Amino acid sequence: MKDIFDIKRFGKYFASDFMASISRYGLSFLLISLMGLIIYAGTVIMGLLFNGTWGGPSIYFRTATFAICIAVLVLTMPAKIYGHITEKRAGSTWLMIPASTFEKFLSMILICGIVVPAMFTCVYLGTDALLCIMDKTCETSICHIGKEIAGYRSEIPEEVMSAVGGLMNPLSYIDDMIGSILIFLLGAICFKNAKVVKTILFLIVLSMALSIIGTPFMYSYMETLANNPAMTLEEFFSDSWLGNLSLIDTVSDIAVIVIATSGIFFRLKTIKH
Amino acid sequence: MIKIENLGFSYGEKPVLKNITMTLEEGKIYGLLGENGVGKTTLLTLLCGLKNVKTGSIDVDGHVPYKREPSFLSDLYYLSDEVPEVNMKATDYAKNYGKFWEKFEISKFHEIMGIFENDPEQKMNRMSFGQLKKTYISFALACNCKYIFMDEPTNGLDIPSKAQFRKAVTRYTSEDSTLLISTHQVRDLENIIDPIIILDRQDVLLNASIAEISEKLYFDYSNERKDSALYSEMIPGGSIQVYPNTSCEESKVNIEALFNTVHLHKELVKGIFSK
């Protein structure tokens with residue numbers, strides 16, 4: 001059992017893995033996490049230079065920037081922190097560290113899937129909140145984007161809201177973010193080079209394959225709509241699997257996380273140099 | 001003790017090691033010699049679990065290397081031919097990773113770095129290849145492992161560093177440690193390696209101690225040339241000839257001449273040593 005998991009050894013391994021992650025990704029992490037602050041400073045300076053007025057970026061612009069930074073984090077972080085494992089020199093040294101495969105796997109999942117995304121979210125949203133407190137032109141923090149768009153909700157039928165309302169909550173995308181990071185982590189430890197590009201290509205091929213499987217289902221629903229021209233949007237959502245879109249999204253995200261973590265563990269167990 | 005039985009390994013269809021059987025005992029510094037591509041590095045990587053055997057088995061004190069269990073890994077250090085650059089000071093690297101090897105001594109690491117005249121405060125990604133190699137050699141010896149496997153450790157070292165390497169290995173290797181050093185540069189390691197393993201394509205040509213070699217072969221450094229010599233070569237100040245040792249005379253083993261003799265007379269030498 002001690003050869004599979006030992007809490008003391010795992011603690012030591014996690015600490016040293018975290019230190020190594022800082023040395024590999026620390027600077028990039030700081031740059032991405034403080035992007036909100038950099039964009040705010042840029043917007044204010046541009047405003048002063050060209051309009052002569054003081055004004056920070058709007059909540060919508062800052063939310064879009066936040067989303068782009070998440071995408072950059074998802075794409076770059078796993079390959080930067082753990083991409084060296086496929087390289088002969090660094091990979092051999094890493095494999096020879098006296099910790100079990102499960103401990104190395106767990107540390108990897110914790111750092112990539114929880115610690116770094118949580119630190120990023122705290123630093124980014126914390127900086128944004130601080131800016132909003134100090135500068136009223138920034139309106140409100142991007143944490144409140146949900147309230148901002150709530151005004152549009154009254155125009156959406158109740159049946160549609162119950163089906164897709166969960167997807168409008170920004171917090172519902174945390175599992176998507178973790179799932180995406182794990183997929184790119186799997187790509188980082190499987191592909192020897194061009195890790196990000198190859199993972200994206202793999203996802204494109206997978207999406208094409210899945211869309212071929214999904215086409216008959218979509219076709220049947222399109223047919224339903226075509227055969228019932230009087231069908232309202234409310235009727236359509238209350239009378240089909242689309243009524244459980246939020247649930248389907250959660251289940252598919254969990255499936256992605258389970259498949260990706262299993263793939264990562266299997267790869268670590270069988271990697272050779 | 002390391003027991004290798006009928007070990008076989010291939011890269012795809014190309015066999016590299018075939019039916020290798022040998023035993024490595026504790027407390028010895030083995031020299032693993034062989035031509036390019038005979039599978040020295042492959043054998044080392046199989047022994048430390050970086051690769052899995054195709055046929056046969058490897059047993060290291062009851063462990064199967066490929067399982068890479070922590071209890072096995074903490075008794076072993078593998079120093080590969082090419083070492084990674086790390087964005088850390090050498091001393092920070094030693095502190096950060098040394099804690100995984102129970103017997104690791106940071107003071108020993110600093111002492112060996114001192115022998116190599118290497119600065120432990122220097123960042124590893126700013127070191128030259130030789131300095132980096134010396135840092136990893138210092139780390140390997142400071143781990144105080146039972147098994148240390150080194151692949152071409154003197155590659156990239158300058159002339160003084162090679163002497164420093166010999167000094168560090170003889171001074172800082174504990175008595176119960178087994179070192180397996182793969183090398184082409186036998187002169188760098190002469191006087192420290194014993195026994196010697198000579199690997200050929202898919203075969204072990206020789207696995208014998210210096211005493212056994214000296215008992216079975218005679219290394220003649222005189223200028224008198226004899227037709228019965230298995231191997232002869234001109235060397236500065238004279239010549240060297242190798243004969244089967246029929247008169248039980250003692251002689252100083254020249255590893256380079258031994259290697260060439262074994263390669264010229266594979267079956268004959270195998271026969272001599274199997275008696």
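This one's a predicted model, so the numbers in the text were calculated from it and none came from an experiment. The chains referred to below are lettered A, B, ... by the order of the sequence lines, with proteins before strands, and numbering in each begins at 1. Values reported hereafter were calculated over all heavy atoms of this structure, with side chains retained and with hydrogens, waters and symmetry mates removed.
When all heavy atoms are compared, the tightest approach of P70(B) to D3(A) is CD-O, 3.2 Å. The nearest pair of heavy atoms linking Y13(A) to F100(B) is CA-CZ, 3.3 Å. Shortest non-hydrogen contact noted between L76(B) and M96(A) is CD2-SD, 3.8 Å.
Rounding to the nearest 0.5 Å places NE2 of H84(A) at 14.0 Å from CD of E85(B). In this structure, CZ on R68(B) lies 6.0 Å from OG1 on T101(A), to the nearest 0.5 angstrom. Here OG of S80(B) is found 6.5 Å from NZ of K88(A). Values are rounded to the nearest 0.5 Å. Between atom NZ of residue K99(B) and atom CZ of residue R9(A) there is a gap of 14.0 Å, rounded to the nearest 0.5 Å. For the atom pair OG of S23(A) and CE of M124(B), the computed distance is 11.0 Å after rounding to the nearest 0.5 Å.
The contact between Y66(B) and chain A is made entirely by side chain atoms (from C-beta outward), counting heavy-atom distances below 4.5 Å. If you measure heavy-atom distances from T93(A) to chain B, the contacts under 4.5 Å come from the side chain alone. Residue contact with chain B, scored on non-hydrogen atoms closer than 4.5 Å, involves the backbone and the side chain of I271(A) alike.
Per-residue heavy-atom pair counts under 4.5 Å with chain B were compared for A15(A), G91(A), S92(A), and the maximum is reached by S92(A). The choice from F72(B), Y77(B), Y97(B), Y136(B) that makes the most heavy-atom pairs within less than 4.5 Å of chain A is Y97(B).
Within a 6.0 Å sphere centred on NZ of K272(A), heavy atoms belonging to other residues, nucleotides or ligands number more than 12. Residue-environment remark: CZ (F266(A)) stays at or below the threshold of 12 foreign heavy atoms within 6.0 Å. The 12-atom threshold is exceeded at CD of Q185(B), counting heavy atoms of other residues, nucleotides or ligands nearer than 6.0 Å. M19(A) CE: 12 or fewer foreign heavy atoms inside a 6.0 Å radius. Summarising the local packing, CG of L49(A) is surrounded by more than 12 heavy atoms from other residues, nucleotides or ligands at distances under 6.0 Å. Under a cut-off of 6.0 angstrom, the local environment of CG in L210(A) is crowded, with over 12 non-hydrogen atoms contributed by other residues, nucleotides or ligands. Counting heavy atoms of neighbouring residues, nucleotides and ligands inside a 6.0 Å radius, atom CZ of F18(A) does not exceed 12 of them.
Listed by sequence position, T45(B), C48(B), L50(B), K51(B), N52(B) are the residues of residues 40-59 of chain B in contact with chain A, using a 4.5 angstrom heavy-atom cutoff. Residue-level contacts of residues 186-203 of chain A with chain B do not occur; threshold 4.5 Å between heavy atoms.
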